[in-house]
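Read the structure below first, then the notes.
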Amino acid sequence: MPDRERTLRTDVVILRRQDYGEADRLLVLLTAGHGKLRALAKGARKPFARKAGHLELYALVDMQLARGREWYTVREAETREPFLALREDLVRSSYASHFVELIDRFTGEHDASRAEFELLVSSLERLCTSADPRSIARYFELGLLGLAGFAPSLHQCAIGQEDVQPQDQFFSPPDGGVICPNHHAGLDRGLPISLPALKVLRYMQTQPWKAVQGVNIGAALHLELERLLLAYLTYVLEQRLQSVEFLRRLRREDG
Amino acid sequence: MSQAIPKPVTQLVEAFSRLPGIGPKTASRLTYYLLRAPDELSQTLAAAIGDLKAKTRTCSICYNITEEDPCPICRDEAREQGTLVIVEEPLDVLAVERTGAYQGRYHVLHGAISPVEGIGPEDLKIRELVARVQAGGVLEVIIATNPGMEGDATAMYVQRQLVPTGVKITRLARGLPTGGDLEYVDSVTLLRALQGRQEM
């Protein structure tokens, strides 16, 4: 049931924003309890706008919103956590873009749950403090896939349903997970997945971040995990991921 | 749209609706205003819109919008050759010019990097900027992109590209706006203002 309150006060993360009219900004917000909303920040581009500094992308903001006919209107905004480290490091800010892009594509208006909001906020916090964003990204992607109902099957063969054995397998996005070598025989789909990659993905899917962050993952394994999950995400969303292209470009330029 | 509305009216309403910030209601209001206004207003407006594309181009040096190429600022030999201010949009050039304090030249990127929106470095005039600096004569690049997430990302990316050239790279200071109110300032702006405080 849609919420019919005239005003609501909630924590939000600003996912996207665009200039609107003479001096306004139209925001796409992920709220703590009311899903994804669009809200108009009137006068936010005026030189002395009091709210302007509190409407920064990817910031966690305590916001008071008033329901309008089409969108909400921002009444009050106070930054709770600006995630400053994201604005001082291009790679971290690009990973934040990737998270926000995925959240935006996986959720329709009003339909995101509180769990998605908490996953995004905790992942942005981790991005600010952790040295290596890759594990954070994979953990976020698996978490979001799970919340959206697309958790990949990693313990049973996605075709035969029998328990997968400790050996190299195949990962098939159209089948929604791992396929054992027996069922893969004769199929023209499925990416090879090494046993270490399967073990890390299983661990990430079932363990809290506190345990996952201590796992030591080599560069080659990181690349394999990224390739598998991005192939799955692209299949589920039926769209190319824009922020990933930019991250790959940065990596190429860094040699 | 209803068949009762003449086609020229619906055409203009639809054309106005395609402009940023103009919805169907505003588009209708503008169209019916022009219908009632003297003919001269419509003719002046139509001619101005025609000239906008026909008589302007981008400067082949700084990529600002200009009537003549190179633009008056790039042609002006009295301006400092060694300093470039990097801005996102042509309107930002006007903002810096209004200060009357800058005598160098510009480079207009025509946007800011926004991976979520699919705007990457190849969509901006960054490669042209690097070539311009590599050609020599530029001593300092002042990055004046907007102080937000996209402007920051653009500034960091431009910096990465320019570091190998050895040019001096600076960025506009950030802090409290004149006439502002400390009580309403966000924590990031206040932090920057504290970091950039100056001895009196």
Side-chain angles (χ1 to χ4, degrees), chain A residues 14-24 26 28 45 47-59 61 70 77-84 86-105 240-250 253-254, chain B residues 19-26 88-89 91 95 98 112-124 126-127 130 145-161 163-164 171 174-193 195:
Chain A
I14 300 168
L15 303 181
R16 301 171 78 160
R17 62 178 195 188
Q18 67 183 79
D19 293 348
Y20 187 84
E22 190 76 14
D24 306 339
L26 184 58
V28 178
R45 283 153 58 218
F48 301 114
R50 290 172 170 178
K51 292 192 286 276
H54 298 280
L55 301 175
E56 191 48 71
L57 281 175
Y58 314 160
V61 181
E70 202 172 350
E78 178 84 34
T79 306
R80 275 165 47 80
E81 174 52 63
F83 299 123
L84 197 56
L86 301 180
R87 295 168 63 170
E88 293 170 343
D89 184 301
L90 190 54
V91 173
R92 285 177 211 240
S93 82
S94 308
Y95 271 100
S97 295
H98 175 54
F99 295 175
V100 162
E101 184 180 355
L102 285 178
I103 286 273
D104 195 27
R105 293 201 185 179
R240 278 175 61 204
L241 295 167
Q242 318 253 40
S243 305
V244 169
E245 301 288 324
F246 186 62
L247 275 164
R248 285 189 178 137
R249 183 193 184 104
L250 292 179
E253 288 177 359
D254 283 341
Chain B
L19 298 177
I22 296 188
K25 285 210 173 62
T26 307
E88 289 180 19
E89 301 292 348
L91 280 174
R98 274 199 300 269
I113 292 172
S114 175
V116 174
E117 306 294 340
I119 303 170
E122 64 283 356
D123 301 309
L124 312 177
I126 294 178
R127 204 175 42 210
V130 176
T145 52
N146 289 330
M149 185 61 83
E150 287 143 344
D152 288 348
T154 309
M156 286 186 280
Y157 187 81
V158 166
Q159 183 204 20
R160 280 165 66 111
Q161 302 301 307
V163 162
R171 191 161 183 210
R174 281 188 261 184
L176 305 173
T178 306
D181 199 332
L182 206 64
E183 183 189 351
Y184 293 103
V185 172
D186 64 290
S187 59
V188 176
T189 305
L190 199 50
L191 178 69
R192 303 275 194 227
Q195 288 168 339

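Values reported hereafter were calculated over all heavy atoms of this structure, with side chains retained and with hydrogens, waters and symmetry mates removed.
With respect to Lys51(A) and Asp186(B), no salt bridge is recorded, no charged nitrogen being found less than 4.0 Å from a carboxylate O. Using a 4.0 Å cut-off between charged nitrogen and carboxylate oxygen, Glu70(A) and Lys25(B) do not count as a salt-bridge pair.
Heavy atoms closer than 4.5 Å to chain B are found in both the backbone and the side chain of Leu250(A). With a threshold of 4.5 angstrom between heavy atoms, Leu191(B) approaches chain A through side-chain atoms but not through N, CA, C or O. The contact between Glu88(A) and chain B is made by backbone and side chain atoms together, counting heavy-atom distances below 4.5 Å. Contacts between Leu90(A) and chain B at a heavy-atom distance below 4.5 Å involve backbone atoms as well as side-chain atoms. For Thr26(B), no part sits under 4.5 Å from any heavy atom of chain A, backbone or side chain. Within the 4.5 angstrom heavy-atom criterion, only side-chain atoms of Ile113(B), from C-beta onward, approach chain A.
The distance from atom OG of Ser94(A) to atom OH of Tyr157(B), rounded to the nearest 0.5 Å, is 10.5 Å. Taken to the nearest 0.5 Å, the CD atom of Glu56(A) stands 9.0 Å off from the OG1 atom of Thr189(B). Expressed to the nearest 0.5 Å, how far CE of Met149(B) lies from OG of Ser97(A) amounts to 7.5 Å.
The candidate from Ser187(B), Pro177(B), Gly151(B), Gly148(B) with the greatest count of non-hydrogen atom pairs under 4.5 Å with chain A is Gly148(B). Ranked by heavy-atom pairs under 4.5 Å with chain B, the first of Asp89(A), Thr79(A), Val244(A) is Asp89(A). By number of non-hydrogen pairs under 4.5 angstrom with chain B, the leading residue of Glu101(A), Arg87(A), Gln18(A) is Arg87(A).
More than 12 heavy atoms of other shown residues, nucleotides or ligands fall within 6.0 angstrom of atom CZ in Arg174(B). Counted within 6.0 Å of CZ on Arg160(B), heavy atoms from surrounding residues, nucleotides or ligands total more than 12; the atom is thus considered enclosed.
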Which pairs would a plain distance check flag for residues 117-124 of chain B, meaning a side-chain donor or acceptor within less than 3.5 Å of a matching protein atom at least two apart in sequence or in another chain?
unit_1, atom_1, unit_2, atom_2, d
Glu117(B), OE1, Arg16(A), NH2, 2.7
Glu117(B), OE2, Arg16(A), NE, 3.1
Glu117(B), OE2, Arg16(A), NH2, 3.2
Glu122(B), OE1, Arg249(A), NH1, 2.7
Asp123(B), OD2, Gly120(B), N, 2.9

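A heavy-atom distance below 4.5 Å is not found between the side chains of Gln242(A) and Val116(B).
For Arg98(B), there are no salt bridge (Lys or Arg N to Asp or Glu O under 4.0 Å) partners at least two apart in sequence or on another chain.
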| Between Glu78(A) and Tyr184(B), does a side-chain hydrogen bond (donor to acceptor under 3.5 Å, both in side chains) hold up when you go through it step by step? | CA-CA 9 Å; Glu78(A) 178 84 34; Tyr184(B) 293 103; over 6 Å; no
| request: Before giving the answer on side-chain contact (heavy atoms from CB on, under 4.5 Å), spell out for Leu84(A) and Arg192(B) the whole-Å C-alpha distance, their side-chain angles and the decisive distance to 0.1 Å. | output: CA-CA 11 Å; Leu84(A) 197 56; Arg192(B) 303 275 194 227; 3.8 Å; yes
